[in-house]
Amino acid sequence: MDVALTVRNNIEDNAYDAELDGRLVGRVLYDRKGDRVVVRSTVVDPRYRNRGIGGRLVRAALDDVAAAGLSLTNYCGFVTDFLAANPEYLRLVDGRFPGKMPA
């Protein structure tokens, strides 16, 4: 993992942004639907993949969902894989509108 990586919720763009030395290197794109956060996709610049950036982005987003008492609807394959590897976050999934779930 990159020590200088910062992750912030960019509310104006409905995205969690990962920045490395001031450069945008990844995003989790989402929509708010009432008391749900609908994750659409996770994108990491190909030059920065395999450094744990996607995982840090998703973890930050899901930690915010939990802290705000919201639920998750997921349509992102990367988040599906993250949930499979980190089942403690499955409690956040909205029972009525789960989206893509781990097999």
Side-chain angles (χ1 to χ4, degrees):
M1 276 191 253
D2 294 289
V3 177
L5 185 76
T6 59
V7 176
R8 70 178 183 90
N9 186 359
N10 182 342
I11 296 169
E12 298 80 28
D13 284 350
N14 288 338
Y16 279 83
D17 291 342
E19 294 182 357
L20 184 62
D21 298 325
R23 176 181 298 186
L24 182 64
V25 296
R27 297 186 111 183
V28 170
L29 303 172
Y30 68 88
D31 294 309
R32 273 293 298 270
K33 303 286 184 189
D35 62 351
R36 290 184 297 130
V37 172
V38 180
V39 174
R40 295 182 286 132
S41 63
T42 303
V43 179
V44 175
D45 183 316
R47 296 171 291 178
Y48 296 94
R49 290 185 181 158
N50 300 312
R51 296 186 187 189
I53 292 170
R56 286 183 59 184
L57 271 166
V58 171
R59 187 176 302 279
L62 297 183
D63 285 347
D64 279 1
V65 168
L70 301 171
S71 64
L72 170 70
T73 298
N74 171 50
Y75 293 108
C76 171
F78 186 86
V79 173
T80 301
D81 293 344
F82 182 90
L83 291 170
N86 299 275
E88 66 273 19
Y89 287 100
L90 288 172
R91 64 184 166 74
L92 300 175
V93 175
D94 189 287
R96 296 172 302 141
F97 306 104
K100 286 176 104 175
M101 293 297 298

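Positions are given from 1, in the same order as the sequence printed here.
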Task: Residue among N10, V7, T42 satisfying side-chain contact (heavy atoms from CB on, under 4.5 Å) with R27 - done: N10
Could you measure the distance from the [atom1] atom of [X] to the [atom2] atom of [Y]? Nearest 0.5 Å is fine.
| X | Y | atom1 | atom2 | answer |
| --- | --- | --- | --- | --- |
| F82 | C76 | CZ | SG | 11.5 Å |
| L92 | L83 | CG | CG | 8.0 Å |
| L62 | L70 | CG | CG | 11.5 Å |
| R36 | T73 | CZ | OG1 | 4.0 Å |

For [X] and [Y], test the side chains for any donor-to-acceptor distance below 3.5 angstrom and give the result as yes or no.
| X | Y | result |
| --- | --- | --- |
| N74 | T80 | yes |
| D31 | Y75 | no |
| R59 | N86 | yes |

Open item on the list: To check you understand the geometry: which heavy-atom pair defines the closest contact between A66 and R91, and what is its length?
Closed with: CB-NH1, 4.0 Å
TODO: Mind listing the closest non-hydrogen atom pair of N9 and Y30 along with its distance?
DONE: OD1-OH, 2.6 Å
Task: Validation row: V25, R47 side chains within 4.5 angstrom (heavy atoms) - done: no
Open item on the list: Quick check: do L72 and Y89 have side-chain heavy atoms less than 4.5 Å from each other?
Closed with: no
Task: N-O pairing of D45 and R23 below 4.0 Å - done: no
Open item on the list: Quick test of your reading of the model: are D94 and R96 salt-bridged, counting only N-O distances below 4.0 Å?
Closed with: yes
[Y] reachable from [X] in the ILVMFWY side-chain graph, under 4.5 Å edges:
| X | Y | answer |
| --- | --- | --- |
| L90 | V28 | yes |
| V43 | V38 | no |
| L24 | L57 | no |
| L29 | Y16 | no |

